[in-house]
Each structure stands twice: as structure tokens, then as C-alpha cells.
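Each chain gets a letter, A, B and so on, in the order its sequence line appears, and its residues count up from 1.
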Number of protein chains: 2
Amino acid sequence: MGDSRQLKEAGLKITMPRLKILEILEKSNDHHLSAEDIYRVLLDMGEDIGLATVYRVLTQFVEAGLINRHNFEDGYSVYELTNEEHHDHLVCVKCGRVEEFMDEVIEQHQKMIAERANFLMIDHSLNIYGLCPSCR
Amino acid sequence: MGDSRQLKEAGLKITMPRLKILEILEKSNDHHLSAEDIYRVLLDMGEDIGLATVYRVLTQFVEAGLINRHNFEDGYSVYELTNEEHHDHLVCVKCGRVEEFMDEVIEQHQKMIAERANFLMIDHSLNIYGLCPSCR
DNA sequence: CTAGTTGCAAATCATTTGCACTTGC
DNA sequence: GCAAGTGCAAATGATTTGCAACTAG
């Protein structure tokens with residue numbers, strides 16, 4: 001498995017916590033995990049890894065570009081692998097479910113708007129909050 | 001001044017803290033103030049109002065629909081009056097400056113996307129992060 | 001009068017950090 | 001072996017809450 005290669009390329013030593021956390025992010029069916037989520041999975045796996053380490057590793061992964069951090073309106077951060085292409089989010093305010101989407105027209109317009117305002121765009125995030133099909 | 005009417009309509013008693021905070025939000029040239037910002041202005045005005053009250057009042061104003069809360073990627077919330085029309089934000093990651101914009105095409109597409117996913121859209125927020133003209 | 005408000009201090013919650021101990025290379 | 005990485009507990013920073021004193025209607 002290429003997990004250790006990814007870490008090496010990111011300039012990070014290959015350690016158990018980093019491998020496990022990367023693995024969890026890859027295997028989870030939910031693409032959007034919080035530090036707590038990951039910590040809980042680690043506990044379930046019987047791993048002896050501290051919450052502080054989870055936060056440290058996630059921060060390093062973000063800096064290395066392996067994952068992205070998102071701040072929805074709930075007060076905590078969620079992380080997802082970078083490998084997929086860029087997309088935005090539909091967030092259910094009731095059950096917390098997150099769906100992804102991508103709209104080329106919106107992307108184009110964002111670029112245009114940044115240029116028109118003479119901003120050098122670094123990042124952008126679009127979140128639509130609402131009730132998902134099962135909660136509405 | 002209609003400030004006290006706004007409070008009454010929101011079902012809130014007319015008190016000094018609420019009037020002052022509403023006034024600050026109206027008069028500030030910067031439309032996006034944090035609880036701390038407002039607290040500091042109150043101190044400068046010589047008002048004896050606690051930070052906890054600022055938070056409580058802001059929360060009530062949000063619930064009453066008088067103001068909106070935004071969570072940019074900085075870790076704290078900012079508030080702005082609702083009375084203006086909907087708009088999105090360009091945020092400078094260096095100096096914190098915020099500019100507003102509105103793009104009808106983007107708005108349309110968001111509606112479309114929510115419908116297509118069968119989400120009942122309640123709110124949406126689009127933030128473009130980058131370097132503003134003076135920081136780039 | 002009395003329910004709603006406030007100030008203050010203490011409590012929370014997510015996240016970060018200091019430090020002595022371990023581990024990868 | 002030694003710098004990098006880790007666990008734990010204590011620190012942080014934004015925000016919230018308990019409670020006794022206060023005020024608008």
C-alpha cells in the first residue's frame with residue numbers, strides 16, 4: 001500500500017499514528033471526519049494514540065497538502081483527502097450529512113469575481129446549508 | 001431613530017446594552033464585527049457592558065433575524081446587519097479585510113444544485129479567500 | 001411587581017502546547 | 001544516537017452558563 005510512500009513524499013517520518021490516521025481517512029465511507037471522529041475510530045481499533053496527536057497529525061497532513069480542512073457552521077473542523085478533485089458542499093443542518101457537488105459555471109464566476117476585485121485567489125469554499133432528502 | 005422599534009418588533013426589551021450594540025453595528029464602517037470588536041468599542045465609549053452580554057445580545061439578534069453570523073476560517077465569528085441584500089464575501093487571508101459581492105448566476109446555480117439534490121436550502125455561504133489588492 | 005436582563009466568575013468545547021519519554025532511520 | 005514524534009496533562013481562546021443583583025414595562 002502506498003500510504004508510507006505518501007508520507008515519505010510529504011517529508012514525514014513513517015509512524016504508526018500517521019499510518020493509521022491516513023488509513024482511516026482513506027477507508028471511511030464518510031469523506032468528512034472530525035478529529036474526534038478519527039480519535040474514536042482509533043480507540044475502537046484498540047490503538048493507543050492521543051487526541052493531541054490526532055490534531056497534530058491532521059495539521060501536518062493539511063500543511064503537506066494530503067488533506068483539506070473545512071469549517072462548516074457547527075463549531076468544529078472536518079478533514080477529507082485531497083486526492084479527489086475540487087468540489088463544494090451541501091450540508092444538512094439536521095443530521096450533519098454532507099454531499100459534494102461541482103459546478104463549472106460557479107467556478108468560472110468565482111475566478112472572474114476575484115479578478116475583477118483584484119484579489120489573488122488562494123482558496124474558496126461554498127457551502128449550501130439545508131435539509132437533506134431524509135430530514136426535510 | 002428606529003433602533004428601539006426594531007428591538008420591540010424582535011420581541012426584545014429595550015435596554016442600554018442592546019441599543020448600544022445595535023448602534024455600533026449600524027454606524028461602523030466595517031460591516032463585519034466580532035464580539036470582541038464590539039466589546040472594545042463599548043469600552044471606548046465608556047459603557048459598562050460585559051463581554052458575556054455582548055455574546056448574548058448578538059445571539060438574540062441573530063435569532064431575531066436582525067443580524068447574520070459568519071464563520072470565516074479565522075476561528076472566530078463576525079456579525080453584520082441583515083438589512084442589506086444577500087451577498088457573499090471575498091476575505092483577505094493576510095489583513096482580514098472583507099469585501100462583498102453578489103453574482104446572480106452563482107445564486108441561480110446554487111438553487112438549481114440544491115433542488116437537484118433534493119435539499120431544502122436554508123442558507124448558503126460562499127467565501128473566496130485570497131490576497132487583497134494591497135496585500136498581494 | 002416580576003419576568004427578562006445583566007455582570008461577573010466559573011464552566012465548556014475544540015484545539016494547542018510544554019515536557020519528559022519513545023521511536024524511526 | 002539523536003532529532004523527530006508521541007502521550008499526557010495543563011494551557012488556550014472563543015464562547016456559554018450559573019447565579020445573585022438589577023431594571024423595563
* Please check the phosphate of dT15(C) (OP1 and OP2 only) for any side-chain N or O of Thr59(A) closer than 4.0 Å. => no
* To do: Using whole Å, report how far CG of Leu19(B) lies from C1' of dT5(C).
  => 13 Å
* Just how far, in rounded Å, is P of dT12(C) from CD of Glu36(A)? -> 16 Å
* Under the side chain to side chain contact (heavy atoms under 4.5 Å, CB included) criterion, do Leu19(B) and Leu7(B) qualify, and how do the steps go? -> CA-CA 8 Å; Leu19(B) 283 172; Leu7(B) 292 179; 3.8 Å; yes
* Proximal nucleotide (of dG25(D), dG24(C), dA14(C)) relative to the Thr15(A) side chain -> dG24(C)
* Asked: Taking CD1 from Ile49(A) and P from dG5(D), how many angstroms apart are they, rounded to a whole number?
  -> 15 Å
* Going by the side-chain contact (heavy atoms from CB on, under 4.5 Å) test, name the single residue among Val62(B), Thr15(B), Ile21(B) that passes it with Val57(B). => Ile21(B)
* **Spacing of Tyr39(A) atom OH relative to dA14(C) atom P, expressed in whole Å** => 13 Å
* Please tell me which of the listed nucleotides, dG25(D), dC25(C), dT16(C), lies nearest to the side chain of Tyr55(A)? => dT16(C)
* Distance between the C1' atoms of dG7(C) and dA11(C), in whole angstroms? -> 16 Å
* Closest to side chain of Ala35(A), choosing from dT15(C), dG7(C), dG5(D) -> dT15(C)
* If you take all heavy atoms of Arg18(A) and Phe61(A), which pair is closest and at what distance? -> O-CZ, 3.7 Å
* Nearest-nucleotide wise, let me know which of Lys13(B) and Gly50(B) is further upstream toward the 5' end of DNA chain C. => Lys13(B)
* Among the candidates dT15(C), dG7(C), dG7(D), find the nucleotide nearest to the side-chain atoms of Pro17(B). => dG7(C)
* Asked: Between dT5(C) atom C1' and Ile21(B) atom CD1, what is the distance in whole Å?
  -> 12 Å
* Between dT15(D) and Ser77(B), is there an OP1 or OP2 to side-chain N/O distance shorter than 4.0 Å? -> yes
* **Full working for side chain to side chain contact (heavy atoms under 4.5 Å, CB included) between His89(B) and His32(B)** => CA-CA 11 Å; His89(B) 298 100; His32(B) 303 84; 2.9 Å; yes
* Where do Asp3(B) and Glu23(B) land on the side chain to side chain contact (heavy atoms under 4.5 Å, CB included) test, with the steps shown first? -> CA-CA 8 Å; Asp3(B) 283 9; Glu23(B) 184 190 334; 4.2 Å; yes
* Would you say a side-chain N or O of Arg56(B) is under 4.0 Å from OP1 or OP2 of dT16(D)? -> no
* Find the distance Glu73(B):CD to dG13(D):P and express it as a whole number of Å. => 20 Å
* Are His109(A) and His109(B) close enough that their ring centers fall under 6.0 Å? -> no
* Asked: Which nucleotide sits closest to the side chain of Ala52(A): dT5(C), dA9(D), dT15(C)?
  -> dA9(D)
* Structure fact -> Lys20(A) atom NZ is separated from dT6(D) atom P, nearest whole Å, by 14 Å
* Are Ser34(B) and dA14(D) close enough that a side-chain N or O sits under 4.0 Å from OP1 or OP2? -> no
* **First encountered from the 5' end of DNA chain D, between Gly75(B) and Arg18(A)** => Arg18(A)
* Which nucleotide in the list dG4(C), dG25(D), dG5(D) gets nearest to the side chain of Ile14(B)? -> dG25(D)
* **First encountered from the 5' end of DNA chain D, between Tyr76(B) and Lys8(B)** => Tyr76(B)
* Structure fact -> In whole angstroms, the gap separating P of dT6(D) from CG of Leu42(A) amounts to 12 Å
